[in-house]
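A short worksheet on the structure shown next.
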There are 2 protein chains.
Amino acid sequence: MTSLSIAEAAEQTGLTAHTLRYYERDGLMLRSVERASSGHRRYTDDDLRWIQMVTRLRATGMPIRDVRRYAALVRDGDGNEAERLDLLLAHREVVEQQLAEVTSHLRAIDHKIALYEHKVAPAP
Amino acid sequence: MTSLSIAEAAEQTGLTAHTLRYYERDGLMLRSVERASSGHRRYTDDDLRWIQMVTRLRATGMPIRDVRRYAALVRDGDGNEAERLDLLLAHREVVEQQLAEVTSHLRAIDHKIALYEHKVAPAP
DNA sequence: TCTTGACTTGGAGCGCACTCCAAGTCGGAG
DNA sequence: CTCCGACTTGGAGTGCGCTCCAAGTCAAGA
């Protein structure tokens, strides 16, 4: 429906125009973004939805090269859903492990914070 | 009590010897690590405890430069506990925000996973 | 004494994910 | 027609956090 300039797409997605071009160059998009007659990129709703998925994968720490693999699978179309599922499941495992680790370290830091709060508190 | 070689300290802390030297060079340690007569580093229990704290801060995403600031405060000794507390509280806020973000993105990815699991499942 | 292996140093190199630059093109307003 | 601003490209540069290299030292064992 709507079709956005790169600046608008950047605003919508929270990425920079630089990053949007970089993602496209690096094979993270499902296909080349359409162009206006001027040569300027025109982002469709589908593009934005895909970028949102990429953003989710990146925000959870998936490396660019794995996002590229996932994009390649989706690009290849039906028939490799099991492979995509495997990739996402493996990623989920990594993220959950990471969340657990960070949470546990954070608890230890909280303990340290409690000590300082006690120290800094006005004397009784 | 015990005093460990850099290789042993690396094993204990889960860091590499390279990283241990790098942390020391970069001002992340509370003081220069002691040396044997050979010039080899000797890590004390206190060193290991401090490295554990550094590891926790790093594992929760604190940049090296902030760890250095924190180390400088601790090195300066008593009197700046409020400042250390501020630093840790600010860090905790960032980490919690980050955890929330990752968790929410992960939920969205889980939704995608559910779709694929449905697709991949044997036909009814 | 010679060799081995674990260490030392300053400094270079690397991988990642952007981020920016220079020079050029295009469409529209004045 | 001229100017402006938003875009285009290939390629270089940046910041971070390590990671490694080359050359040297030292202590202990054969």
Side-chain angles (χ1 to χ4, degrees), chain A residues 2-29 31-44 47 51 53-71 91 94-95 98 101-102 105, chain B residues 2-29 31-44 47 51 53-71 91 94-95 98 101-102 105:
Chain A
T2 43
S3 129
L4 307 181
S5 72
I6 194 165
E8 292 162 336
E11 166 141 35
Q12 283 280 320
T13 59
L15 303 174
T16 68
H18 286 309
T19 301
L20 287 173
R21 289 192 204 97
Y22 162 65
Y23 280 2
E24 191 178 345
R25 263 197 290 188
D26 241 47
L28 269 53
M29 298 299 290
R31 63 205 94 255
S32 298
V33 175
E34 281 175 33
R35 301 306 179 105
S37 64
S38 60
H40 292 193
R41 288 173 179 78
R42 288 291 166 246
Y43 289 84
T44 66
D47 290 332
I51 292 165
M53 181 66 187
V54 170
T55 298
R56 279 179 177 142
L57 295 174
R58 291 290 304 121
T60 49
M62 183 183 283
I64 293 283
R65 88 184 85 80
D66 291 1
V67 179
R68 183 163 43 231
R69 282 213 308 127
Y70 183 68
H91 179 57
V94 169
V95 175
Q98 209 176 262
E101 198 188 307
V102 169
H105 282 306
Chain B
T2 43
S3 133
L4 305 182
S5 73
I6 195 166
E8 290 162 338
E11 166 141 35
Q12 282 280 319
T13 59
L15 303 174
T16 68
H18 286 309
T19 302
L20 287 173
R21 289 192 203 99
Y22 162 65
Y23 280 1
E24 190 178 345
R25 262 196 292 188
D26 240 47
L28 269 53
M29 298 300 289
R31 62 204 94 258
S32 298
V33 175
E34 283 174 30
R35 300 306 177 106
S37 63
S38 60
H40 292 192
R41 288 173 179 80
R42 289 292 166 245
Y43 288 84
T44 66
D47 289 330
I51 292 166
M53 181 66 186
V54 170
T55 298
R56 277 177 179 143
L57 296 174
R58 292 289 304 120
T60 50
M62 184 183 285
I64 293 282
R65 88 185 84 82
D66 290 1
V67 178
R68 183 163 44 232
R69 282 212 309 126
Y70 183 67
H91 180 57
V94 169
V95 176
Q98 209 176 262
E101 199 187 308
V102 169
H105 283 304

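Please read these numbers as outputs of a predicted model, since none were measured by experiment. Reminder, nothing fancy here: chain letters follow the sequence lines and each chain counts from 1.
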A:Gly61 and A:His91: which non-hydrogen atoms are nearest, and at how many Å?
C-CE1, 4.2 Å
Could you state the atom-to-atom distance from CG of B:Leu28 to P of D:dC16 in whole Å?
13 Å
Indicate yes or no: at least one non-hydrogen side-chain atom of A:Met53 is less than 4.5 angstrom from one of A:Tyr70.
yes
Would you mind telling me which residue lines up with the more 5' stretch of DNA chain D, B:His18 or A:Ser38, judged by nearest nucleotide?
A:Ser38
Checking the side chain of B:Arg58 only, and the main-chain atoms of B:Met62 only, is there a donor and an acceptor separated by less than 3.5 Å?
yes
Has the side chain of A:Glu8 got a donor or acceptor atom that lies under 3.5 Å from a matching backbone atom of A:Ser5?
yes
What is the distance from CG of B:Asp66 to P of D:dG15, rounded to the nearest Å?
16 Å
What I want to check is whether an N or O donor and acceptor connect the side chain of B:Arg65 with the base of D:dG17 at under 3.5 Å.
no
Both A:Thr16 and B:Ile6 contact DNA chain C. Taking the nearest nucleotide for each, which residue is further toward the 5' end?
B:Ile6
What does the inter-axis angle of the helix from C:dT1-D:dA30 to C:dG30-D:dC1 come out as, five pairs per end, nearest 10 degrees?
20°
Check each of B:Thr13, B:Val67, B:Leu15, B:Val33 against B:Tyr23 using the side-chain contact (heavy atoms from CB on, under 4.5 Å) test, and report the only one that passes.
B:Leu15
Atom pair distance, as rounded to whole Å: CG in B:Leu15 and P in D:dT19:
10 Å
Does A:Arg42 offer a backbone N or O that forms a donor-acceptor pair with the side chain of A:Arg35 under 3.5 Å?
no
Between CD1 on residue A:Ile6 and CZ on residue A:Arg41, distance to nearest 0.5 Å:
5.0 Å
In terms of the nearest nucleotide of DNA chain D, which residue is placed more toward the 5' end: B:Arg21 or B:Met62?
B:Met62
Heavy atoms, side chains only, cut-off 4.5 Å: are A:Tyr43 and A:Leu20 in contact?
yes
Can you give the first and last nucleotides of DNA chain C, 5' to 3', that have an atom under 4.0 Å from a heavy atom of chain A?
C:dC16 to C:dG27
Do B:Ile51 and B:Met29 have side chains that approach each other closer than 4.5 Å (heavy atoms only, starting at C-beta)?
yes
Tell me what B:Ala36 touches on the nucleic acid: a base, only sugar-phosphate, or nothing, going by heavy atoms under 4.0 Å.
nothing
Mind calculating the distance between CZ (A:Arg42) and P (D:dC7) to the nearest angstrom?
8 Å
Take atom NE2 of A:His40 and atom P of D:dG5, then tell me their distance rounded to the nearest Å.
14 Å
